[in-house]
Each structure stands twice: as C-alpha cells, then as structure tokens.
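All ligand and atom numbering here is 1-based and tracks the order in the structure.
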Amino acid sequence: MKQTILKSINEQINAEFYSSYLYLSMSAWANNKGYKGIAHWLEIQAKEEHAHAMKFYMYVQERNEKPVFSKIDEPASDWNGIIDLYEAVYTHEQKITDLINNLYSLAHDEKDHATGTFLQWFINEQVEEEAQLADILQKLE
Ligand code: OFO
C-alpha cells in the first residue's frame, strides 16, 4: 500500500473515532435534557461510527500495514436545541462524505483499486446517512 493512502486511511480512522465521540457527546446532552429517544438514536450512531473506524482498522491490517492512531479532538458538549444538534450532525456527515470522496479520488490516482473497492461501502453508507438526516431535519423543521 502506498504511504499516501496509508496516511489518509489513518486520518480517516481518527475521523471515524471522532464521529463516535461527537455522537456520544450529543447523546449525553440529549439524555441530560430528557430527550431519551434522541439520546438512544445518537448512541446507536456512535456505535456505528466506532464500527466504521474498525472497518478501516481491519482493512489496513489486511493489507499488511499497521494502523497508527493520533489524538482525538474534544467534541462539543452543548447545543441550542434539537434542530441545532441535528444540523450539526448533518454538517458533520457532509464533511465525512468529503473525506471519503477525497480518499476515493486518491485511491484512483494511485491506482489502488482494492482500496477503491473497499471504499464503495462507505460511499453508499454516506448517501444513506445524508438522506436520513435531511429527512429528520425536514420533519423537525
Ligand atoms: Fe457517519 O460516517 Fe462513518 O463513515
């Protein structure tokens, strides 16, 4: 695996763990405000993001490389209500979509077709997640 790809995947592992951390922080906020159903939904999202990080982690090892971790940023811990929170989730997922697309472009440029194929699952997942969030936001608004 080219070092440029390995470096970007390691960064993506960090981004996925950060997503998990962010959604868990949001879940704690929602639970504290008494929004139990939303807290539960966010807890599930946090688990899914952890699973995404693990998919990248396993993939790096399958390619006989070693994942390297870096510091995970501190997530926000307060939001101005449910719409503000869901807008933050939506914006964050759009950022993740950009990262996945950039990684896919890099894999293409480096002719790393195995990585390109591996990333297909994430590309589809982002379409699903963004659609779900747009739907939730529309209902909330
Ligand atoms: Fe919600 O996204 Fe991971 O990849």
Side-chain angles (χ1 to χ4, degrees), residues 1-33 35-141:
M1 183 186 265
K2 295 239 173 80
Q3 289 307 300
T4 48
I5 306 251
L6 179 58
K7 184 174 172 287
S8 294
I9 295 184
N10 280 329
E11 286 167 5
Q12 193 63 35
I13 291 174
N14 183 280
E16 301 291 344
F17 277 127
Y18 173 77
S19 302
S20 181
Y21 215 23
L22 174 65
Y23 297 159
L24 203 55
S25 178
M26 289 174 163
S27 178
W29 176 89
N31 192 57
N32 182 255
K33 298 280 179 202
Y35 303 126
K36 304 289 176 189
I38 290 174
H40 179 65
W41 185 86
L42 286 160
E43 200 184 311
I44 292 170
Q45 305 313 305
K47 282 184 189 149
E48 280 185 10
E49 297 305 341
H50 184 277
H52 293 172
M54 292 305 289
K55 266 183 193 280
F56 280 106
Y57 169 80
M58 297 305 291
Y59 177 68
V60 168
Q61 294 184 97
E62 259 176 53
R63 297 288 304 272
N64 293 318
E65 298 283 359
K66 185 167 80 75
V68 175
F69 300 146
S70 51
K71 189 175 158 214
I72 299 168
D73 287 341
E74 184 180 314
S77 58
D78 201 18
W79 289 270
N80 296 320
I82 294 169
I83 292 187
D84 182 44
L85 179 136
Y86 270 97
E87 276 171 353
V89 176
Y90 194 25
T91 304
H92 182 68
E93 284 302 329
Q94 287 172 322
K95 215 178 98 193
I96 295 292
T97 299
D98 286 346
L99 292 177
I100 300 278
N101 285 338
N102 291 343
L103 199 45
Y104 188 81
S105 298
L106 179 67
H108 181 268
D109 293 346
E110 298 284 12
K111 296 189 171 48
D112 185 340
H113 302 304
T115 297
T117 301
F118 167 77
L119 289 169
Q120 284 292 342
W121 184 90
F122 286 92
I123 290 170
N124 296 337
E125 174 76 5
Q126 287 310 116
V127 170
E128 216 178 272
E129 286 187 0
E130 283 196 32
Q132 188 191 24
L133 286 163
D135 189 48
I136 291 172
L137 265 173
Q138 196 181 29
K139 281 189 182 119
L140 285 172
E141 278 161 5

Inset, instruction - Identify, by atom number and element, the atoms of ligand 1 in contact range of Phe122, meaning under 4.0 Å from any of its heavy atoms. - result: 4 (O)
Legend entry - Interfacing atoms of ligand 1 (cut-off 4.0 Å, heavy-atom, Ile96): 2 (O), 4 (O)
Legend entry - Distance-only polar pair, side chains of Gln12 and Glu16, donor-acceptor under 3.5 Å: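 Indeed, the side chains of Gln12 and Glu16 share at least one donor-acceptor pair under 3.5 Å.
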Legend entry - Backbone or side-chain N/O/S of Glu49 under 2.8 Å of atom 1 (Fe) of ligand 1: yes
Legend entry - Residue Glu129, metal atom 1 (Fe) of ligand 1, N/O/S under 2.8 Å: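 Checking Glu129: at least one N, O or S atom is under 2.8 Å.
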Legend entry - Geometric N/O contact Tyr23 with ligand 1, under 3.5 angstrom: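 N/O-N/O distance below 3.5 Å does not exist for this pair.
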Inset, instruction - For Asn31 and Ala39, indicate whether the former's side chain and the latter's backbone hold a donor-acceptor pair under 3.5 Å. - result: no
Inset, instruction - Check whether any side-chain N or O of Glu49 sits under 3.5 Å from a backbone N or O of Tyr21 as a donor-acceptor pair, and report yes or no. - result: no
Legend entry - Heavy-atom pair with the smallest gap, counting every atom of Ala46 and Ser20: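 The answer is O-OG, 2.8 Å.
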Inset, instruction - Taking all heavy atoms of Tyr104 and all of Gly116, pick out the closest pair and write down the distance. - result: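 Scanning both residues completely, I find the closest heavy atoms to be CE1-O, 3.4 Å.
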Inset, instruction - For Tyr86 and Ile38, run side-chain contact (heavy atoms from CB on, under 4.5 Å): C-alpha distance rounded to whole Å, both residues' side-chain angles, the deciding distance at 0.1 Å, then the answer. - result: CA-CA 10 Å; Tyr86 270 97; Ile38 290 174; 3.9 Å; yes
Inset, instruction - Can you measure from CE (Met1) to OG1 (Thr115) and round to the nearest 0.5 angstrom? - result: 4.0 Å
Legend entry - Residue His52 atom name (nearest to atom 3 (Fe) of ligand 1; N/O/S):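 Going by distance to atom 3 (Fe) of ligand 1, the closest N, O or S atom in His52 is ND1.
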Inset, instruction - State whether Glu16 contributes an N/O/S atom found under 2.8 Å from atom 3 (Fe) of ligand 1. - result: yes
Legend entry - Glu93 backbone or side-chain N/O/S under 2.8 Å from atom 3 (Fe) of ligand 1: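 It does not: Glu93 brings no N, O or S atom closer than 2.8 Å to atom 3 (Fe) of ligand 1.
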Inset, instruction - Give the residue and atom name of whichever protein heavy atom lies nearest to atom 2 (O) of ligand 1, and the separation in Å to one decimal. - result: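 Atom 2 (O) of ligand 1 sits closest to the protein heavy atom Gln126 OE1, 2.7 Å.
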